[in-house]
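Single-structure report; data block below.
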Number of protein chains: 2
Amino acid sequence: MEIRKGLGLQALPSMTLLRELTDQIVLDTVFEQAPITRAEIAQQTGISKTTVSEAVRRLEGAGLLLPAGEQRGRQGRVGTYYKVASTAGFVVAVDLNPTQIRLCAADLFGQPFLESAHPPVQPREPARVAEQLRELVSKAIAEGNPGRGRPLAVAVSVANPVDPATSRVIPLADTPYPEGLIQPQEALDGLIDAPILVENDVNLAAIAERWHGAARTADSFAYVYIGAGMGMGLLIGDQLIRGARGVAGEIGYLSVSSQPPGPLHGRHGFARAIAAAGFHPSREPGSDQVAVDVARQVFDRAAKGNAEAKAVVEEEGRTIGEAIAAVCAVVDPELVLLGGPIGLHPALLEPVRATVQDLAPLPPAIEVGTLGDAAVLHGALALALRRARADLWAGVSRQPS
Amino acid sequence: MEIRKGLGLQALPSMTLLRELTDQIVLDTVFEQAPITRAEIAQQTGISKTTVSEAVRRLEGAGLLLPAGEQRGRQGRVGTYYKVASTAGFVVAVDLNPTQIRLCAADLFGQPFLESAHPPVQPREPARVAEQLRELVSKAIAEGNPGRGRPLAVAVSVANPVDPATSRVIPLADTPYPEGLIQPQEALDGLIDAPILVENDVNLAAIAERWHGAARTADSFAYVYIGAGMGMGLLIGDQLIRGARGVAGEIGYLSVSSQPPGPLHGRHGFARAIAAAGFHPSREPGSDQVAVDVARQVFDRAAKGNAEAKAVVEEEGRTIGEAIAAVCAVVDPELVLLGGPIGLHPALLEPVRATVQDLAPLPPAIEVGTLGDAAVLHGALALALRRARADLWAGVSRQPS
DNA sequence: TCTAGTTAGGAAGGAGTCCTGACCAAAGAT
DNA sequence: ATCTTTGGTCAGGACTCCTTCCTAACTAGA
């Protein structure tokens, strides 16, 4: 029973199941190692040459694989390279955040053919931002459409938690931003016949670091985002821990014992730094961006030796370290990565490490993320790609040609 | 690639794979619904009658299935019931804790044929306790051996964290008990040709509640044990979260901000209650048991209306609630169950609920475990059973008859 | 330039698995 | 006594994968 679920399809034992399995393995292999010949596929997968050839024939017939030149320069018969057809489809990733809307469209290899950033429309009302989102995605699809097949998945990154059951954005009570009130599923409704994946931005950054970044080898790891808010993305194995209601990783709430409750909670992990600089965050648009800049200035001063600023950084590091220590006590990750505009600041790493060293049961490795501010969009793209590839395969096996 | 890993075997597409899959499904179905006829299996699984018959023939040939009477009382041909052979094997579960050693041996249906509890040997030196463990398990195997096949798995519950990579017990620096210094793998070395599963007691209790107790329907849940120590078992989906080094769930460390660091950490979650009663835990053997009793008395007084005791319970509840709130902020479980000699006390539930309600981003359901102090052994048994059943299948498919 | 060795791909045949549909035998229903 | 229902088997067919052999084409080396 569990096995059947694990396969993620109607896994009754049957000839069809066997064929789908072979096709999927062959397709995956080509994805990862194109260009590749049938003989190489066979050798690597352990599947016999004949069977591989059959699978390739099916996949080529379905328009998913294409010949890609000849294998020359060695003894023996000339082999035919294969690759995934560039017309097989494409994906779109969108990062919907208060500062800007970033968009990336890429083919199934992850090769982008469109990248753009846009300031949010003014005035920033939910309905207008939703419309802007729809328009941008629509344009991206039009861009991809002539030669790249059809859109296979769209991933949208949002700054809010997302309900894992319904994939709906959970509006936070104190959100000052209209982005938190948009439901991308609705905004893009009817635009495409492909899954619309909505996910929290920090979770996506975590996915990016895990699949393609500094956490590639870590089996369990936590990505701690420190910027206009403080949040965490948690990956155990290849599984993203979303929580029952999608609020896993809201570690801003952990600092409750050292900070008074209030609207800052869950949003301003570096509250002291900005307060020390005489800045008070408000609900004004752009406030977060300003706050981040202010905090960064404090951190820079600390790096230059300013004692007062240093003390502030120390204290912030301790707060963050306490949160990380709590995470360690709960899930004991192998690695913790810091990210976000504040988290990437080099002055922060040491105080955080020191605190965690002091408090955690068994302190993990703590490093800084390598993907920088590209992590979120990168993660969204990766998520869309994975889904697109899986669906591609399902599409093939549904209509065996 | 991922699919192959998911299957947990040499999942190259092949005829054999198909057969193994069918056999496993049939075996599982009989396990869950014995006695059952071939026709019923076919109807329920969707596999054709012919194929089911084939599989049953193979499994019976391998000695795993046996006819179990006739299906009468209805129209049509008399069907043959099948069940898993009672000679297919058995499992042994051991709970190795400072107070006593509890043991349970059961057939593959989970039906116990041996249950016993033993006081630890005196003097309690690691080597002697290890020897005692070996002897007890040895006796259990002898008990099972004549008619029940061979031992297929032994699960040992320990109070320490367990390294998930090596399955070795991690000795805690301040452990006053010899049990924490025993490596069950070594103590039982050579005794049996079956896997020896070592797992933390709280994790096992969590498994028991998730698979057979109050958390059956919760997809993600945390089991919080409050007794001579404070710990947590975390299950997301069907996956036990052990952490990279096995110290996930050491939430005793979370109360660091409200308690001074020291040897109490991670062991005495109810420190205030016992301190209030004038008791100071020591490294003496039996100290923990006394401490628990003392704390329970305080809780009883609180339930009877004693104001002073009530205040202590309130405060303890708050401490525990804070820890749970932290867990919620990190992983957002659907359900939290309280367990352990203190955690099961009814006076604790309300204060804990109130605190979590106050602090957690989205408070989860909080209940009391239903399996009581049987949870640990129950979980060990469940773990051994699951493993035994999986291996059983692997055994069949390795040597197809 | 020519031969030998090497390699990709294909064809044929065989083994194994699952399914459909027909069939049988026995029991209860009528 | 006959009909209907039902568990199980049998025969035939479809499909998938594998092994083995074969072919064509290329490189290496004399």
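Numbers restart at 1 for each chain; the letters A, B, ... are given by sequence-line order, proteins then strands.
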Q) Looking only at side chains, do B/Q185 and B/D189 share a donor and an acceptor under 3.5 Å apart? A) no
Q.
Can you work out whether B/Q75 or A/R72 has the more 5'-proximal nearest nucleotide on DNA chain D?
A. B/Q75
Q. To the nearest angstrom, how far is B/E40 atom CD from D/dG7 atom P?
A. 7 Å
Q: Provide, to the nearest angstrom, the distance between the CD atom belonging to A/E70 and the C1' atom belonging to D/dT27.
A: 15 Å
Q: Give the rounded distance in Å between these two atoms: CD of B/Q43 and P of D/dG7.
A: 8 Å
**Q.** Salt bridge present between A/E199 and A/R242 (N-O < 4.0 angstrom)
**A.** yes
**Q.** NZ/NE/NH1/NH2 to OD/OE distance under 4.0 Å, B/R38 and B/E60
**A.** no
**Q.** Atom-to-atom span, CG of A/L21 to P of D/dC18 - whole angstrom
**A.** 11 Å
(Q) At less than 4.0 Å, is any side-chain N or O atom of A/R74 found next to OP1 or OP2 of D/dA28? Yes or no. (A) no
Q.
Is it true that, when you exclude B/Q43 itself, more than 12 heavy atoms of the residues, nucleotides or ligands shown sit nearer than 6.0 Å to its CD?
A. no
Q.
At 4.0 Å (heavy atoms only), tell me whether A/Q71 reaches a base, stays on the sugar-phosphate, or touches nothing.
A. sugar-phosphate
Q: Sugar-phosphate means primed atoms, P, OP1 and OP2; the rest is base. With that split, encode nucleotides 10-20 of chain C 5' to 3' as B, S or - using protein heavy atoms under 4.0 Å.
A: SB----BBSSB
(Q) Rounded at 0.5 Å granularity, tell me how far CG in B/L27 sits from CD in B/E32. (A) 10.0 Å
Q) Distance from B/I241 atom CD1 to B/L234 atom CG, nearest 0.5 Å? A) 5.5 Å
